[in-house]
Amino acid sequence: MAAVLTAEVLDRLGLAARARRVVTLRDFAGENGSWLIERDGQDPVVVRRYHPQVRRAEVGYEHAVLRHLAGAGWVVPGPLGAPAEHEGLWYCVTRCVPGAAVSVEPPRQRRRRGRDLARLHLALRGLGERIGQRPGWQPQHRGVTVHTSLDWDACVRGLASVSPRLGEWAGSAAARTRAALAAIGAGELPVGVVHGDFAEWNVHYYQDGRLAGVIDFGLAHLDSRPFELAIARTYRSPETAEAYRAELARSGWPLSELEVAAIEPIYHAFRVDMTAWALDQGLRTGHYDLAMIERQLSRTGTAPP
């Protein structure tokens, strides 16, 4: 964290005079960033920096989700003040969530995360009817990407200019994924507010196994439950998906037949979306990570040309 950033941003957030120590938690150019702020005589807080594409309305949407969950008793990085803008980026002071992520999950922990995801969805149930969709977003099954502003055709053309083979693959993967979703009637999938990245690195636990809190709601929006399972990486953690479904069934809100049928095609669509993120970055920077793009395409359920 550069000295000028520390001084100016912390001053705008009202922390400059109270910050005893600043610890970088995450700071990568073009992405979300976060810093732990230790204060004399007070609990630590976290300063969150939103990535460059985030606008004020999106920050407000995320904060609405966080306030709802905090009011329901969840430990989340709720805002502790108004966001502040500095050099085109938004920052906010948030609550520090205790505990730590379990980076290597044994089966028991995977099941625990699945149950906790079900509990989170139960806590979020009905919120979407009040706050609507995140500005600039859409459910995964209604477009190639969840971002309405991303120009998929331009992204594919840009990729084709540096790798015709991958460009053709990306185009066909998107078309086939859309066709698979249409074939099951995915347009009728129910939607609600989802966390958007309930992977193991965003769920904190205490050493005794109790849930400590959930972090990083930067992708929260209205989407389907199959999408949440996809982005929670349950393809590599079947215990998580099984426990999630069982907990919802016990709570009287089981997945419907349509939702179950959508799990695999939504996962493939999610991988196309991940490809789209990489292509959009390549279009903006002129640099394409072709190896990563090919890895994403290989997970879309389509064969290379």
Side-chain angles (χ1 to χ4, degrees), residues 13 15 23 25-26 31-39 42-51 54 56-84 90-103 105 109 112-135 137 191-223 225 227-229 231-233 240 244 247-248 251:
L13 294 172
L15 291 173
V23 179
L25 302 176
R26 178 182 176 87
E31 299 182 17
N32 294 327
S34 56
W35 294 266
L36 178 70
I37 311 298
E38 297 178 351
R39 305 176 296 173
Q42 294 180 286
D43 292 334
V45 295
V46 171
V47 169
R48 178 176 172 83
R49 181 194 67 212
Y50 298 85
H51 69 77
V54 169
R56 177 66 179 84
E58 287 191 73
V59 176
Y61 185 93
E62 183 177 331
H63 286 184
V65 174
L66 291 166
R67 290 191 179 100
H68 170 83
L69 287 172
W74 283 76
V75 178
V76 294
L80 298 177
W90 286 97
Y91 297 80
C92 189
V93 182
T94 74
R95 178 178 181 178
C96 179
V97 175
V102 180
S103 57
E105 293 185 310
Q109 173 61 29
R112 181 180 291 120
R113 181 162 60 93
R115 290 192 296 270
D116 289 334
L117 176 56
R119 290 177 50 240
L120 183 70
H121 279 181
L122 288 164
L124 291 169
R125 192 177 185 182
L127 177 62
E129 298 171 3
R130 300 200 298 274
I131 67 174
Q133 180 61 280
R134 187 182 187 123
W137 291 60
V191 298
V193 175
V194 298
H195 175 276
D197 196 10
F198 202 84
E200 59 269 25
W201 48 81
N202 284 330
V203 191
H204 284 195
Y205 291 89
Y206 293 114
Q207 289 187 345
D208 62 7
R210 290 180 298 121
L211 178 68
V214 183
I215 66 171
D216 198 352
F217 285 74
L219 302 180
H221 67 287
L222 281 186
D223 217 310
R225 293 189 287 182
F227 171 80
E228 185 86 278
L229 290 175
I231 205 165
R233 278 63 170 185
T240 299
Y244 169 81
E247 183 69 18
L248 285 177
S251 301

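Note that the numbering runs from 1 along the sequence shown for the chain. Fair warning: this is a prediction, and the values are worked out from it, not measured in the lab. The basis for the numbers below is simple: all heavy atoms, side chains too, and nothing from hydrogens, waters or symmetry mates.
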Treating H204 as the side-chain partner and G213 as the backbone partner, does any N or O pair qualify as donor plus acceptor under 3.5 Å? no

Distance-only, no hydrogens or angles: does the H195 side chain make a donor-acceptor pair with backbone N or O of H121 under 3.5 Å? no

Taking every non-hydrogen atom, the tightest pair across [X] and [Y]:
X: L219; Y: W137; value: CD2-CH2, 3.5 Å
X: P83; Y: H63; value: CD-CE1, 4.3 Å
X: A84; Y: L13; value: CB-CD2, 3.8 Å
X: C96; Y: P44; value: CB-O, 3.5 Å
X: S251; Y: L122; value: OG-CD1, 3.5 Å
X: Y206; Y: L211; value: CE1-O, 3.9 Å

Is there side-chain contact between [X] and [Y], with at least one heavy-atom pair below 4.5 Å?
X: H68; Y: I131; result: no
X: L69; Y: F217; result: yes
X: F198; Y: V203; result: yes
X: N32; Y: R48; result: yes
X: E58; Y: W90; result: no
X: Y61; Y: L222; result: yes
X: L66; Y: P79; result: yes
X: V97; Y: V214; result: no

If you measure from the Lys or Arg side-chain nitrogens to the Asp or Glu carboxylate oxygens, is any gap between R113 and E200 under 4.0 Å? yes

Determine, for R233 against D197, whether the closest basic-nitrogen to carboxylate-oxygen distance falls under 4.0 angstrom. yes

To the nearest 0.5 Å, what is the distance between [atom1] ([X]) and [atom2] ([Y])?
X: R112; Y: E247; atom1: CZ; atom2: CD; answer: 13.0 Å
X: Y50; Y: S34; atom1: OH; atom2: OG; answer: 11.0 Å
X: Y244; Y: E228; atom1: OH; atom2: CD; answer: 7.0 Å
X: R26; Y: R49; atom1: CZ; atom2: CZ; answer: 9.0 Å

Full working for side-chain contact (heavy atoms from CB on, under 4.5 Å) between V59 and E62: CA-CA 5 Å; V59 176; E62 183 177 331; 5.8 Å; no

For the pair F227 and H221, name the ring-plane relationship: parallel under 30°, tilted 30 to 60°, perpendicular over 60°. perpendicular

Residue of the set L117, V194, L248, V191 for which side chain to side chain contact (heavy atoms under 4.5 Å, CB included) holds with R225: L248

Is the CD atom of Q42 crowded by more than 12 outside heavy atoms at less than 6.0 Å? yes

Under the salt bridge (Lys or Arg N to Asp or Glu O under 4.0 Å) rule, what do R95 and D43 come out as? Steps first, then yes or no, please. CA-CA 9 Å; R95 178 178 181 178; D43 292 334; over 6 Å; no

